[in-house]
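Step one of this worksheet: look at the structure below.
Each ligand, and each atom within it, is numbered from 1 in the order the structure gives.
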Amino acid sequence: MTYGGEPVGTVAAIAEGSAEAENYHDCFVRDFIPSALVFLADGEGDIVRNFLRTVLRLRSQHQRIHGHEIEPAVLPASFRVGLDEQGQERMRADFGDHAIGRVAPVDAMMWWVILLNIYCRATGDKALALEPEVQRALRGILELTLREGFEVFPTLLVPDGSFMIDRRMGVYGHPLEIQSLFYGMLVSAVELLRDTPESHDIIALADKRANMLRNYIQLFYWLDLERLNEIHRYRTEEFGTGSVNMLNIYPESIPEWIVDWLPARAGFLVGNLGPGRMDFRFFALGNLLAVIFGITSQREAQGIMRLYQDRWEDLVGNMPAKLVYPAVVGKEWMFMTGSDPKNVPWSYHNGGNWPVLIWAFVAAAMKTGRGDLAQLALDVADHGLPQANFPEYYDGRAGNLIGRRAHLRQVWSAAGYILGHKIVEDDKLLDMFCAVDQRELAD
Ligand code: GLC
């Protein structure tokens, strides 16, 4: 996508005349991430810098959304370039005010900060981060996300559909993907902000929150057989200090499928956690980002990769990789999704396979010394993805059908695939993320 003759991003899908694909002409912030990493790996940092600047400039359009107090830290989910009546190029951002279901893109501001940090590391251009407007934006994002939210946990509370799963899927509350991104954003912002009197306190707060968040995720989101045994015999209704089952999770809420499915030598981070609520589903991107950003301990990261190894058919199958496992069905599907026909069992967000996840899978596998699994996943993708013209998603338990309503020539499917190959060929590319995993050394 170009604006004023300059490349500023990539469209979501290269259109093929399908009417329903209207917003697939947009550049989505989250979709651009794998493209950005490919551009950086190829030494083409200019487009990434243009993108980072463009997204920042578009914040001013947020003021147009009526009835909302102006919140300049919020960044758009996507933007597009069109022509106005005079034939002049115009850019229009979507802050969720146009999106299907009117969902709020909380992940956009997280990805923007994380990408800015990666850009600075990869290109050595630290000047961009030091520009006053960028420093102001970083402070604004921290102030917004660290603000008192009537909660007692270090995790961030968000509405439904505020990240890659941008539909009702029971993902309101404290979804793992947002927590992983929140952590990545906090440690990136701490690194990018200059320690001035204006920023001093917020940097200290962000640093403290990142530590608390990481400990909390390790302690409460982690699930392995040992943990499942504990939960199975949990005491409930515990009050005050010294309680083990702090969130009052009822053992009765353990779903039947998990008991036989979870291998003894593996584990993962659960999908969501709140008072009396543990969502036991496996959400791939949240887990993989937790490994990449160093939120999980070494032992946990190995456990997640072993889960992939032992449950390969379920979590990888014919197209890496399953977005969420397992699918919700029947009445649960009706209540959870609002009877969403796009999210029927084993399709789209509800148990579909998404090729874009390849890059995150490969990065996590390489980081944990599981190059064998990274290669296996790429082999699987090699056997169908380019030939099928890079579909957006696949359907079926094992992901062997091209998604019923999937777009072809989906840019992040292609970018994720290229990036996966690049990381396997040169695992030094993982250093792009090292700003956000330094804490791992403390394990
Ligand atoms: C779908 C996905 C979302 C993605 C968008 C554009 O809405 O759920 O994550 O950003 O398509 O590809």
Side-chain angles (χ1 to χ4, degrees), residues 1 9-16 18-37 51 55 75-80 93-112 114-115 158-172 175-178 180-181 271 283-286 288-289 321-324 327 336-338 340-344 346-360 385 389-395 402-417 419:
M1 179 187 281
T10 46
V11 293
I14 300 171
E16 286 170 297
S18 150
E20 72 170 305
E22 219 235 309
N23 63 345
Y24 282 72
H25 301 305
D26 283 25
C27 174
F28 284 76
V29 171
R30 73 176 73 88
D31 291 43
F32 183 65
I33 300 303
S35 295
L37 300 181
F51 167 87
V55 172
L75 298 182
S78 69
F79 57 89
R80 68 173 61 180
D94 176 17
F95 291 86
D97 50 319
H98 284 80
I100 296 166
R102 303 297 185 264
V103 281
V106 181
D107 64 340
M109 64 182 101
M110 314 279 179
W111 275 124
W112 184 84
I114 292 167
L115 182 61
V158 294
D160 228 332
S162 58
F163 53 103
M164 178 176 172
I165 298 177
D166 53 2
R167 285 176 176 247
R168 209 179 129 185
M169 265 281 288
V171 289
Y172 58 89
L176 177 65
E177 184 176 321
I178 284 286
S180 294
L181 288 170
F283 286 74
L285 192 53
L288 297 172
L289 291 177
K322 190 70 76 194
L323 182 59
V324 177
M336 193 182 268
T337 70
D340 182 349
K342 204 164 172 184
N343 272 335
V344 290
W346 308 109
S347 183
Y348 202 49
H349 298 142
N350 187 14
N353 291 36
W354 288 66
V356 62
L357 297 174
I358 296 172
W359 79 264
L385 192 59
N389 236 333
F390 302 101
E392 180 188 15
Y393 66 97
Y394 283 70
D395 288 344
I402 292 173
R404 175 165 289 159
R405 292 166 69 179
H407 297 281
L408 301 183
R409 304 166 83 192
Q410 182 82 17
V411 173
W412 71 350
S413 297
Y417 175 71
L419 183 59

> Can you tell which part of Tyr348 has a heavy atom less than 4.0 Å from ligand 1: side chain, backbone, both or neither?
Replying inline: side chain
>> Can you tell me which portion of Gln410 lies within the under-4.0 Å heavy-atom range of ligand 1? Options are side chain, backbone, both, or neither.
In response: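 Side chain only.
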Rounded to the nearest 0.5 Å, what's the gap from [atom1] on [X] to [atom2] on [Y]? Could you check?
| X | Y | atom1 | atom2 | answer |
| --- | --- | --- | --- | --- |
| His407 | Asn389 | NE2 | CG | 13.5 Å |
| His349 | Met164 | NE2 | CE | 6.0 Å |
| Trp112 | Phe32 | CH2 | CZ | 14.0 Å |

>> Give the atom numbers and elements of ligand 1 that come within less than 4.0 Å of a heavy atom of Asp31.
In response: 4 (C), 6 (C), 10 (O), 12 (O)
>> If you take the nearest heavy atom of each of Met164, His407, Arg167, which one is closest to atom 2 (C) of ligand 1?
In response: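 Nearest heavy atom to atom 2 (C) of ligand 1 lies in Met164.
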>> Counting non-hydrogen protein atoms only, what is the nearest one to atom 7 (O) of ligand 1? Give residue, atom name and distance.
In response: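 Of every protein heavy atom, Asp166 OD2, 2.7 Å lies nearest to atom 7 (O) of ligand 1.
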> Who's the nearest protein heavy-atom neighbour of atom 11 (O) of ligand 1, and how far?
Replying inline: Tyr24 OH, 3.3 Å
> Under the salt bridge (Lys or Arg N to Asp or Glu O under 4.0 Å) test, which residues partner Asp340, sequence neighbours left out?
Replying inline: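 For Asp340, the residues satisfying salt bridge (Lys or Arg N to Asp or Glu O under 4.0 Å) (neighbours in sequence not counted) are Arg167.
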>> For Ser35, give me all partners under side chain to side chain donor-acceptor pair (under 3.5 Å), at least two apart in sequence or on another chain.
In response: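 Per chain and number, Ser35 pairs via side chain to side chain donor-acceptor pair (under 3.5 Å) with Thr10.
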> Based purely on interatomic distance, does Trp412 place a nitrogen or oxygen under 3.5 Å from a nitrogen or oxygen of ligand 1?
Replying inline: no
>> Using the ring centroid of each side chain, check whether Tyr348 and Trp354 are separated by less than 6.0 Å.
In response: yes
